Peer 1: 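Please see the structure below; I have some questions.
Everything numeric here is computed off the predicted structure, so don't read it as measured data.
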Amino acid sequence: MAEQSRNAWISKDDPKLVSARQKDMFEDILEDRRNSSDFRYSLKARDVTVFKLNKARAPAQIKEHVMKSDRVNFAIDQTCVDTKLPREEVMAEALSILDEMAHNLRTGAVRGFAFFLIKVMKSLYRRIYVNVDGIQKIRGLIKEYPILLMPSHRSYMDFLLMSYVFYNYDLPLPVIAAAMDFMGMKFFGWLLRNSGAFYIRRSFGDDHLYWAIFTEYVQCQICNGDNPIEFYVEGTRSRTAKSYTPKFGMLSAALEPYFKSHIPDIMVVPVSISYDRILEESLYAYELLGVPKPKESTSGLLKARNILEEDFGNIHIFFGQPISIRKYSEGLVDRSLHNLAPRYIASLTNQEQDLIKKLGHHMVLTQQKHMVVSPWSLMASVLMQSQGGVSLRQLGKEVEWVKRQASNLGAYCDWPASESAESVLRANLKLHQNIVRVSQEDVVELVRVAPPVHAKATDALMITAGQHLMLSLYRNHILHVFVRPAMIAISVNTSNEERLMIDDLFTKYVFLERLLCKDFVFIPGNTRADFDLALLTLTHTCGVVMEGTEVIIAKSTNKHTTFYSQLFEPFLLGYWILCQYLLSNHPNVAGKPLAKTQKNLVKEAQMLTARLLQEGVVRHYEMLSLDMMSNGLHALFAMGGVSKERRDGVVYMYPNTRQLSTITDQLAKFVDVPPLPAVSINLHSKMITVNAKL
């Protein structure tokens, strides 16, 4: 039924209702599937190009290579020495780890998976757009180089989409680093493993045997070019639709063969996946509030099959310019330093580690650059600042203005040129009718969003916060476009001076970057260049006025600086409340601030925020996000406002009162902070109940 209705929607000729199959650099890969046999498609002949140095081998032969490798045998010997266990027992453990980890890529399973996937895709989505130029570049490189694929990660659908795209274009299917969560799913876990997923633990800690097996397993496939390897440089799915700061473990393991001269080059391909509507939007909102995500299971998947009746709009997949690691590292690393060391000893020079960090950040920023901004993301940025509702006419004016600003800053906005603004707005309001509605008076307002069944949350505050957090997901999708100019705009908008020297403005910019560096991604060491470009942008397109080396505040404060400031106000105010909570912690008997676990600190800061929302002291419900509070806590630690100590393997944190007070006072200069009632700080005198596991 859902597929028939989607086919009917696509077949309409009205250009106001349907985008073209070809759009700019994109083409839709679903249209042909709606008019041909899915069964024949899953059995189609595939002429797949392979890496020129590849020696064909089965998954079992890859495992055999790993177990015989010098690296793994060295780790087994070391483990025997450390644990005093017999070698046979450690060998058995190593084999168990490898069996748990390894994929079992099989053509039959892939074809079955292709048949299943195309059914799902046609039911859920109108169109799946892919930039064909990016695909052709990959096709030309696969024969010559090992390929690493690094997609953005904002939905479970990401790895299914990547496999589907590569199957569709007759490219070798990637093998995918997947979380252990999926392995326990009956049948589905088996199907993923047989379609190329290999399962890795989220954290290896000091398990040297696991590290050795994982590293060898990844590297031997890169060196032999068995398949492209796909992994997420962010490490996990983003629950906020913002990019996470990169993780470097998998990237280090993948690039080590180049640094140690096992292979002449590796090609790294950033991939940006943009959704009109995120499948997990409701789950994410309540997970951010503290409701645990439901455990992945096949039964849960089957229970959720009614979601196939819903419309999730379009997807855009952009394959970025492949990066040659040889060219990227030219003049920055000296590979000859590894010549005298055994190649199976994991070791990277400081230069190589710095390059990996730089590359990881570059990958995330490149993913952001090629994200497609939907009309709904523009609308959400306006609606988040209009909590009481806004007329459809006014919404149209404001969205048109925001679209111009985003386009000026380099964003690709997916706005149908042939349609009227009102038809675009109404189409997107209908797509997201679970979040917003249009009243009889043509006022756009939030609707009550029922919490997920597993949440068991009836608290009115939680439900209202869930509405706002769902909307914020789509606003967050474009924050990276504005964050750098906004950090200058905030300083301009909140300045009490008539003029602001550029050096003083830069000092303020540095403070805000340090504060926001866990919520947004900045390349280390690039602060001055980012500042200069952002200031240039503001003076050329946003009406900021300079005379010599000074910004004229009165002439520079305008709609641009106000809008940019308001976009990021919830983050700054949320951090300020976190600081106030930390400063209110009573000292212990020794006069030292009481140390607590991160989980408890974040939970109690959320409770204070909930109190302030109920009392009407603050108005931004998204400040209840545990992710925002956690990021703020980590930023304060990096700035010296919070310290850590370990007790019995558990990390505790406590405020450094003097430094934290200084940070709090500085922060208060960038946002209008409310007077806090003394009773609100004392959480134990008047507790608020949030009906969720925090």
Peer 1: Check whether any side-chain N or O of Tyr474 sits under 3.5 Å from a backbone N or O of Ile278 as a donor-acceptor pair, and report yes or no.
Peer 2: yes
Peer 1: Thinking salt bridges, do Glu622 and Arg475 make one under a 4.0 Å N-O criterion?
Peer 2: yes
Peer 1: Do Phe563 and Trp401 make the cut of ring centroids closer than 6.0 angstrom?
Peer 2: yes
Peer 1: Donor-acceptor check, side chain of Arg154 to backbone of Ala241, threshold 3.5 angstrom: yes or no?
Peer 2: yes
Peer 1: Quick one: does any side-chain atom of Asn476 pair with a main-chain N or O of Thr240 as donor and acceptor, under 3.5 Å?
Peer 2: yes
Peer 1: So with a 6.0 Å cut-off around NZ of Lys669, is the heavy-atom count from everything else above 12?
Peer 2: no
Peer 1: Taking the side chain from Ser386 and the backbone from Leu383, do they hold a donor-acceptor pair closer than 3.5 Å?
Peer 2: no
Peer 1: Mind telling me whether His477 and His480 have parallel, tilted or perpendicular rings, with 30° and 60° as the class edges?
Peer 2: perpendicular
Peer 1: Is it true that atom CG of Asn496 has more than 12 heavy atoms of other residues, nucleotides or ligands lying nearer than 6.0 Å?
Peer 2: no
Peer 1: Can any side-chain N or O of Thr561 pair as donor or acceptor with the backbone N or O of Thr557 at less than 3.5 Å?
Peer 2: no
Peer 1: Within the distance-only criterion (no hydrogens, no angle test), does the side chain of Tyr328 pair as donor or acceptor with the backbone N or O of Leu355 below 3.5 angstrom?
Peer 2: no
Peer 1: Give the minimum heavy-atom separation between Met623 and Gly574, together with the two atoms involved.
Peer 2: SD-N, 3.4 Å
Peer 1: So, for Leu505 and Ser491, which heavy atoms are closest and what is the spacing to 0.1 Å?
Peer 2: CD1-CB, 3.6 Å
Peer 1: Between Glu604 and Lys596, does any NZ, NE, NH1 or NH2 come within less than 4.0 Å of an OD or OE carboxylate oxygen?
Peer 2: yes
Peer 1: Return the minimal non-hydrogen interatomic distance between Arg239 and Glu287, and the atom names on each side.
Peer 2: NE-OE2, 3.0 Å
Peer 1: Please check: side-chain N/O of Gln606 versus main-chain N/O of Met629, any donor-acceptor pairing under 3.5 Å?
Peer 2: no
